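Just below is one structure, and these are the notes that go with it.
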Protein chains: 2
Amino acid sequence: MPSLEFEPPKYARVVLELRRRIEEGQYPPGSMLPSESQLVREFAVGRTTVVRALQMLQQEGWIVREHGRGSFVKGRPASEREVTRPGLAVLDQPEARDGVSLVQVGTVPAPSPVAAVLGLAEGASLVMRRWVSTRDGIPSELVTCWFPPELAYGTDLGSDSPLPVGVRAHLRSVRQLRIDHIAERLTARLPDADEPTLLQVGSSDPLLSILATAHDATDAALFAVEIVMPGTLHELEDVYSVPD
Amino acid sequence: MPSLEFEPPKYARVVLELRRRIEEGQYPPGSMLPSESQLVREFAVGRTTVVRALQMLQQEGWIVREHGRGSFVKGRPASEREVTRPGLAVLDQPEARDGVSLVQVGTVPAPSPVAAVLGLAEGASLVMRRWVSTRDGIPSELVTCWFPPELAYGTDLGSDSPLPVGVRAHLRSVRQLRIDHIAERLTARLPDADEPTLLQVGSSDPLLSILATAHDATDAALFAVEIVMPGTLHELEDVYSVPD
DNA sequence: CCCATCCACTCGTCCGATCAAGTGGACTGC
DNA sequence: GCAGTCCACTTGATCGGACGAGTGGATGGG
């Protein structure tokens with residue numbers, strides 16, 4: 001009875017095995033991997049398959065290959081570590097869950113910074129959707145989305161009942177709209193009109209504000225989302241590799 | 001007379017040419033590239049070479065390859081756009097240039113957040129180096145580095161004359177120390193003791209604060225650097241791709 | 001001791017060939 | 001009209017082979 005299970009290609013199996021060994025410390029950082037011809041013999045595959053696996057590990061940052069010397073272990077790459085992507089996180093957050101409460105939905109004129117990032121005239125009508133996330137009973141984020149009306153049309157984005165899935169999945173399923181990348185702009189500022197009430201902070205407490213735009217693959221800005229967090233409660237983390 | 005100029009490998013030349021065509025609009029986003037066998041004939045190379053070039057373009061985000069359908073142009077990938085890396089930028093900034101003034105150098109006890117990210121006891125002695133960057137006559141950044149003494153030993157990091165190269169290059173040349181990755185932690189806060197004076201801001205103006213650690217390839221934290229900026233003057237930008 | 005040469009080993013590039021797997025359109029039969 | 005089959009075209013995976021280029025150690029000669 002032949003197995004119906006998915007079999008990864010050979011090169012992927014070599015990647016997984018070498019990665020496992022690196023993670024388990026069999027090949028510690030700084031050590032040299034077996035040579036290509038040794039791996040060919042060990043895994044009983046062609047050299048091209050081994051090379052492909054090693055190139056993939058190098059591209060991911062696990063190893064470095066040096067011409068004439070061998071392949072050397074770097075260890076778990078930096079990009080494998082936890083990195084917060086606040087814009088994406090809020091777009092994947094279902095509203096209909098504990099700790100999230102929808103506070104405002106409606107058509108509003110575009111505030112100046114939002115109009116600017118969306119390339120619209122100031123005051124242009126946008127569908128706004130705003131919610132508060134709380135953690136341990138404390139408001140932790142105020143999220144405001146601004147959608148152009150033609151994008152919101154035919155969706156539930158203008159309705160005041162909480163979405164059971166995140167905005168991203170909703171747009172994907174209702175409008176077959178795919179977000180290709182997100183641009184975020186971070187700044188620190190003081191709270192404006194109703195933010196002290198919604199976030200339960202003082203009117204002179206510093207806030208971290210992220211104004212993000214979601215873009216399609218042609219780079220067109222689809223919509224904007226602002227995330228406002230009390231500065232004393234939050235740290236955003238980012239890790240990046242340093243080129244030579 | 002044979003040319004001594006560097007000739008890129010064939011696959012690289014295919015990458016460069018296809019990339020050029022995408023950038024010049026010959027293959028606009030959404031359009032389909034010529035098939036592999038067409039490219040084989042056009043570039044007079046083997047199929048493996050074409051495949052390697054296309055895989056590279058896909059890995060970089062310029063195209064997407066669909067099994068049985070062809071290769072489709074996405075356009076200039078998000079990661080190709082300008083992204084600020086404040087931690088790296090200040091480490092590559094020579095001090096001995098216009099707009100940078102060294103304000104403090106010496107051995108100090110480690111402040112609590114710095115000790116925490118470096119895995120040291122609070123109050124442990126560190127070599128501190130602090131400078132102010134100004135832009136158009138206005139202070140824009142206050143940068144403070146904290147080096148463990150054994151790392152600063154034998155370098156000019158404890159001296160009060162401005163470095164002619166950035167800290168990263170200095171450590172590389174004097175100690176053969178390579179920074180593998182940088183971790184940044186962003187938060188918003190109010191100014192502390194001498195920051196209002198150094199940055200010429202009010203004592204209740206919100207600041208953007210980045211506490212960064214530089215790590216070697218084994219993930220050990222080498223040293224810390226804090227960058228403080230007036231929140232009203234700065235926007236940090238980040239762009240990232242969104243997975244399916 | 002120092003320098004040049006050689007050699008075994010290493011990775012880098014490239015090729016051709018083969019088979020597998022997926023796509024979309026055309027065609028045929030019900 | 002719809003479903004199934006076929007076919008040309010597409011990318012995905014794998015192999016073996018050849019040559020090039022770089023590394024580091026051993027060896028021999030001055």
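Residue numbering restarts at 1 for every chain, and letters A, B, ... go by the order of the sequence lines. Source: prediction; values computed, not measured.
Residue A/Gly46 is classed as a sugar-phosphate contact, given heavy-atom separations below 4.0 Å to backbone atoms only. As judged by a 4.0 angstrom heavy-atom cut-off over every strand, B/Arg47 is placed among the base-contacting residues. Residue A/Thr48 is classed as a base contact, given a heavy-atom separation below 4.0 Å to a base. Looking at heavy-atom distances under 4.0 Å, B/Val51 makes no contact with the nucleic acid at all.
The nearest whole Å value for the distance from the CZ atom in A/Arg41 to the C1' atom in C/dC9 is 12 Å. The CD atom of A/Glu36 sits 15 Å away from the C1' atom of C/dA8 (whole-angstrom rounding). Distance B/Glu7 CD to C/dC14 C1': 15 Å, rounded to the nearest Å. If you measure from atom CD of A/Gln38 to atom C1' of C/dT10, you get 11 Å, rounded to the nearest angstrom. Atom CZ in A/Phe72 sits about 11 Å away from atom P in C/dT10, given to the nearest Å.
Read 5' to 3', the first and last nucleotides of DNA chain D with an atom closer than 4.0 Å to a heavy atom of chain B are D/dT10 to D/dA13.
In this structure, of C/dC14, C/dG12, C/dT10, it is C/dG12 that holds the atom nearest to the side chain of A/Arg65. Closest to the side chain of B/Thr49, from the set C/dC14, C/dG22, C/dC11, is C/dC14.
Proximity of A/His170 to A/Leu157: side-chain heavy atoms (C-beta onward) are separated by under 4.5 Å at one or more points. At least one side-chain heavy atom of A/Phe223 sits less than 4.5 Å from a side-chain heavy atom of A/Pro148. Considering only heavy atoms from C-beta on, B/Leu222 stays 4.5 Å or farther from B/Thr213 through its side chain. At least one side-chain heavy atom of A/Leu126 sits less than 4.5 Å from a side-chain heavy atom of A/Leu118.
Here the straight-line distance linking atom CD1 of B/Ile22 with atom CH2 of B/Trp62 works out to 6.5 Å at 0.5 Å rounding.
Within the helix from C/dC1-D/dG30 to C/dC30-D/dG1, the inter-axis angle between the opening and closing five-pair segments is 0°, rounded to 10°.
Checking B/Met32 against A/His67, the closest nucleotide of DNA chain D that is more toward the 5' end is the one next to B/Met32. Nearest-nucleotide mapping onto DNA chain C: of A/Gly68 and B/Arg69, the residue sitting toward the 5' end is A/Gly68.
With A/Tyr240 as the aromatic partner, B/Arg85 meets the cation-pi criteria of under 6.0 angstrom to the ring centre and within 45 degrees of the ring axis. Remark: B/Arg21 is not positioned above the aromatic ring of B/Tyr27, lacking an NZ or CZ atom under 6.0 angstrom from the ring centre and at most 45 degrees off the axis.
Within the structure, every side-chain polar atom (N or O) of B/Arg52 is placed at least 4.0 Å from both OP1 and OP2 of C/dC14.
Using a 3.5 Å distance cut-off with no hydrogens or angles, the side chains of A/Arg185 and A/Ser209 do not pair a donor with an acceptor.
We find that B/Arg13 and B/Glu17 are not joined by a salt bridge, their nearest charged nitrogen and carboxylate oxygen being 4.0 Å or further apart.
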